[in-house]
Amino acid sequence: MSRLTYVFSLFLIPLLLFCINSSAQADYKLWLQYKKIQDSKLASEYKSKINGIFALGNSATIQATSKELQSGLSSLLDTKIQTQQDINGENTLVFGSKSSLNEDIIKNLKNELDQVNNEGYLIKTFSLNNKNHILITGNTDIGVLYGVFNFLKLLQTNKSIENLNIVDSPKINVRMLNHWDNLNGTVERGYAGSSLWNWQKLPDFIDQRYIDYARANASIGINGTVLNNVNANALILTPQYLEKVEALANTFRPYGIKVYLTARFSAPIEIGGLKTADPYNAEVKNWWKEKAREIYKRIPDFGGFLVKANSEGQPGPQNYKRNHVDGANMLADALAPFGGIVMWRAFVYSEHDVNDRAKQAYSEFVPYDGQFRDNVIVQVKNGAIDFQPREPFHPMFGAMPKTPLMMEFQITQEYLGFSSHLVYLPKLYQEVLESDTYSKGKGSTVAKIIDGSLDNHKLTGIAGVANIGSDINWTGHPFAQANWYGFGRLAWNPHLDSETIADEWLRMTFSNDETFVNPIKEMMLKSREAVVNYMTPFGLHHIMDTGHHYGPGPWVSNLSRPEWNPTYYHKADKNGIGFDRSKTGSNATAQYNQEVAQVFNDVKTCPEKDLLWFHHLSWDYKLKNGQTLWNGMALKYQEGVDEVATMQTTWKKMGNYVDKTRFKEVQMLLNIQYKEAKWWRDACLLYFQQFSGKELPKGVEKPTQTLEYFESLKFPFAPGNN
Ligand code: BDP
C-alpha cells in the first residue's frame, strides 16, 4: 500500500463516511435536528436556566419524554444534561402530569390546568423556596410530552425562556395521518419510497423508524394514524395481521398515537365466510361486533375504522340498496362499546351525476345530516373534486351542522408535482381553513366547523394523507417535510398562520440565521401559487395526465367514464374555456350558502383565482387587469415558470447555511421542477392554443417542442399508481 493510499484509508475514508453519514442523518432527523445553539450568549442564558431535569412519574410516556428532553437539551446546549433526584437546587426543569405534582408546585399554579384539555400543557417559570425553576405539566402524561416538545422548540427557534407562561391545548381531537399503504409494501400516491410498515418482519422486528416516526408525530401533536390504504384489503383484519398492528400500536402508544385501520366493507364475505356484507343482515352485524371485540382485546385503545365505501369501485352499503347511514352506523355500533369511532369518507362520485362530479358528495350526504351515530364523523376532502392545486372549499362544509365533519387534506403531492416539486402546502390548507362558509353568518369559517366550535361538536377531526415512505429523508423532498410538519401544526390549531409555521420549521430544520430564514420563507410561501400558475391557473383543474397524474394531459378524452377525462373539466372549445358551475350551468354554486353562491355565480365578483372553476368564458373575456383571458392565462403559465427560476436563484445563495447533501438535493430537485414547470406551460398552452387560435403574448417563451411530442409522452411506471 502506498503511503498516500494508507493516509487516505486511515483518515480520509472515515472522515468522508462521517460527513456522508451526518448529512444523511440531517435529512433523516426532520425538524428534530437539535443542532447546537450557535449564538453563544443565548446558549449560556439557556444553560443558566437549566441545571438539570427532574421527571415526576415513571410511565412509558414520561420515560420517552425524559429521553427526548435529555438528548434534545444535551445536543442543543452541547453539554450533558443531568437527571436530578429532587428539586433542591435551582433552575431545574421539572416535568410531570397533574397527578404527580406535589403541593408545593401546585401552589404555583392558578387554575391554568383547568384551561387546558387532556392533551394540553403548561410551560411555566415557577419558584420554590425562592429559587426559580421551569415546570412543564398537563392533565395527562401526553400533555407533558407535548409540552416538552414545545419547550425544545423554543430553544430550537432561539426564543426566550425567561418568565415562561405558556398555556396551550389542541383545538381538534382527532389529528391523524392516513397512510395509503398497501400490504405488499407499495404506497398508493406515494413518492417517497415504499411503505414504512414492514409487515413481513412485524410483529417481532421493531424498526427504529417506527419510534422516530412516533417522535416526529408527537412533536407536532399528531395523535392517530391509519396504517393502511383506503382502497382496503380485508386481510388487515385477520389475526395474522392484527398481531402486527398490535405491535405497532404498542410502539406508538407512549407517544400518544392511536392506531386506526381502514375497513373494507365486504370483509365479512372475504375473510368472514359470509355470503353478504349487507348492513341489515344480523350475521354481518354480529361479524363486525366480534371483529371489534377481537381487535380491542389486542389493542385496548384502538382508534376505529376509516371507510371508503361506494367510491371508485370500493364495496359499500349501496351494493345492498342501503345507504351511507346504514353502513356507517352498523360499524359505529360495533365499535361503540369500546370507544372507537368510524370515519366515513364522503369522497364519492360516479357516473350517476354525469353533468357535474363536483356536486355528488353534497347531494348524497347532506340529506343524511343528523342521522349518523354519535361516534361517526364524516371525512370530507378540502374541495369538491380531488386534492387539486387549488379548489374552492367543499360545499359540504357548512351544510351539515348536525353531523361532525372532519377535514381530509392530501399531504402527498399526487396532483402537485409528486415529491420532486417544492410546494409548501400549509398555504393551501390555510386558504381552505380560512374560507367563510357563512353557514351561521359571517365568520363561519371552515376551521370553526372542523374544530367543532361553530356547531358545538365534541367529536372533531382532521386527516392528512401521508407523504411518508422509506426514503432516508422520509418524504422524498427535503421541503416536503414541511408539509408533514405544517399539517400537524394546523391539526393542532387550524387557526395558525402558514407563515409562522414555515418560520419555525425552517429554524428547526436548517438554521436560525435571518439571511437564510427570510428569503427561504418567502420562497416557500410563494411556491404554492407558483405551482397553481404553471399547472392550473384561474381555477383550471384535473388536467393532469390520467391514471398516474404525472405531468399535463389536458388532451385526454378517451376514458370510459366522462369524469375521468381532463376535457370534462376544462371544456375548452373555440368559444372559450372553463366549467360553468353557475346558475346557467351545473348550478353547483347553489350548494353553497347564498352569500357565497352569489359571489361565485357572478363572473364579476367571482375571485379570478377560481374563475374557470365556476365559469366558461370566451378567450377574449377581459380580466381585471385589462388583459384578455387567453393572454392572461398564458402569462400566468409563464409567471409560474419564472417563479421556479427565482426559487433556483434564491436557493443557490444558501450553500453556507445548509449541509452539502441537503443543499445539493434541493438544487437538483428545483432543476427538475423548473424543467417540469416548462413542460406544463408548453404542453397546456399549445393544446389550448388550438382552440383560442391566438398567438402567445409578449413575455411568454415559445415552446421548443410540438403538441404531438407532448401528447406522445407515456409514463407507464410513474410512481404511486399501483
Ligand atoms: C384519488 C386518488 C386515488 C385515491 C382516491 C381517494 O387518485 O388513488 O384512492 O383519491 O381518495 O385522488 O380515495
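Just so you know, these numbers come straight off a predicted model, no measurement behind them. Atoms within a ligand are numbered from 1 in the order they appear, just like the ligands themselves.
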Considering only heavy atoms of [X], which atoms of ligand 1 have at least one such atom less than 4.0 Å away?
X	value
Asp386	1 (C), 10 (O), 12 (O)
Asn231	9 (O)
Phe347	5 (C), 6 (C), 10 (O), 11 (O), 13 (O)

> Is it the side chain, the backbone, both or neither of Gln410 that has a heavy atom closer than 4.0 Å to ligand 1?
Replying inline: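 No part of Gln410 is near ligand 1 at this cut-off.
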> Is any N or O atom of Trp180, backbone or side chain, closer than 3.5 Å to an N or O atom of ligand 1?
Replying inline: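 No - when backbone and side-chain N and O of Trp180 are compared with those of ligand 1, no distance drops under 3.5 Å.
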> Polar-atom distance check: Tyr415 versus ligand 1, any N or O pair below 3.5 Å?
Replying inline: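 Yes - when backbone and side-chain N and O of Tyr415 are compared with those of ligand 1, one distance drops under 3.5 Å.
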Do the two ring centres, one from [X] and one from [Y], sit under 6.0 Å apart?
X	Y	answer
His570	Tyr687	yes
Tyr213	Trp197	yes
Tyr568	Phe579	yes

> Is the Phe305 ring parallel, tilted or perpendicular to the Trp288 ring (thresholds 30°, 60°)?
Replying inline: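 Ring orientation, 0 to 90° scale: perpendicular.
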> What is the ring orientation for His548 with Phe715, classed by angle as parallel under 30°, tilted 30 to 60°, or perpendicular over 60°?
Replying inline: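 Perpendicular, since the angle between the ring planes exceeds 60°.
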>> Could you work out, for atom 10 (O) of ligand 1, the closest of Lys381, Lys308, Arg189 by heavy-atom distance?
In response: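 Shortest heavy-atom distance from atom 10 (O) of ligand 1: Lys381.
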For [atom], what is the closest protein heavy atom, and at what distance to 0.1 Å?
atom	result
atom 7 (O) of ligand 1	Glu414 OE2, 2.4 Å
atom 3 (C) of ligand 1	Glu188 OE2, 3.4 Å
atom 5 (C) of ligand 1	Glu312 OE1, 3.3 Å

> So among Asn229, Asn231, Thr262, which one has a side-chain hydrogen bond (donor to acceptor under 3.5 Å, both in side chains) with Lys308?
Replying inline: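 Looking at Asn229, Asn231, Thr262, the match for Lys308 under the side-chain hydrogen bond (donor to acceptor under 3.5 Å, both in side chains) is Asn231.
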> Restricting to pairs with a member in residues 403-423, which pass ring-ring contact (aromatic ring centres under 6.0 Å, His included), not counting sequence neighbours?
Replying inline: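 Matches after skipping sequence neighbours: Tyr191-Phe418, Phe409-Tyr429, Tyr415-His542, Tyr415-His549, Phe418-Tyr550, His421-Tyr534.
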> Any chance the side chains of Asn467 and Trp474 put a donor and an acceptor closer than 3.5 Å?
Replying inline: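 Their side chains do not contain a donor-acceptor pair, so the 3.5 Å distance test is not met.
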> Going by heavy atoms, is His549 under 4.0 Å from ligand 1?
Replying inline: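 Heavy atoms of His549 do come under 4.0 Å of ligand 1.
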